[in-house]
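A short worksheet on the structure shown next.
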Amino acid sequence: FGKIPFHLSGKGVPVLDDCLAWVECKVVSKAAPGDHTVFFGEVIDCGFTATDSPVLTTVNSKMKYGG
């Protein structure tokens, strides 16, 4: 990420300064039922870095996932 500004969470994980929110998870198990691996996590920390910004979702991004 080079020169992208970031700070460290309370648990020492890098968080991008320009992100709206972040979630830190601990992997607790995984399963590989086919050609994908599904990871199951436990949220151990989270936060908001901005409060007044629009959120990008797949609804307004024009991206499609045909998985």
Side-chain angles (χ1 to χ4, degrees):
F1 287 90
K3 298 179 182 180
I4 296 174
F6 70 94
H7 63 278
L8 298 179
S9 73
K11 302 208 182 312
V13 175
V15 176
L16 301 179
D17 289 346
D18 289 336
C19 69
L20 297 176
W22 56 274
V23 177
E24 180 181 349
C25 297
K26 174 178 73 172
V27 175
V28 294
S29 65
K30 64 181 180 177
D35 62 351
H36 286 68
T37 301
V38 179
F39 292 90
F40 298 90
E42 174 185 338
V43 175
I44 58 174
D45 204 0
C46 62
F48 292 97
T49 55
T51 58
D52 211 14
S53 299
V55 177
L56 177 65
T57 68
T58 56
V59 173
N60 58 15
S61 72
K62 299 181 183 171
M63 296 187 311
K64 297 198 184 312
Y65 177 71

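None of these values were measured; they are calculated from a predicted model. This chain uses plain numbering: 1 for the first residue, then up along the sequence.
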When every non-hydrogen atom of Ser9 is compared with those of Val15, the smallest separation belongs to CB-CG2, 4.1 Å

Grouping ILVMFWY residues whenever side-chain heavy atoms fall under 4.5 Å, the cluster of Val13 otherwise contains none

Correct closest heavy-atom pair for Asp45 and Gly10 would be OD2-N, 4.2 Å

The side chain to side chain contact (heavy atoms under 4.5 Å, CB included) partners of Ala32 (sequence neighbours excluded) come to Thr37

Looking only at heavy atoms, the pair that brings His7 and Asp17 closest together is ND1-OD1, 2.7 Å

Is there a path of hydrophobic side-chain contacts, each under 4.5 Å between heavy atoms, that joins Val28 and Val38? yes

**Asked** Are the side chains of Leu16 and Trp22 in touch, meaning some heavy atoms are under 4.5 Å apart?
**Response** no

Applied to residues 21-42, the salt bridge (charged side-chain N to carboxylate O under 4.0 Å, His left out) test, sequence neighbours excluded, yields Lys26-Glu42

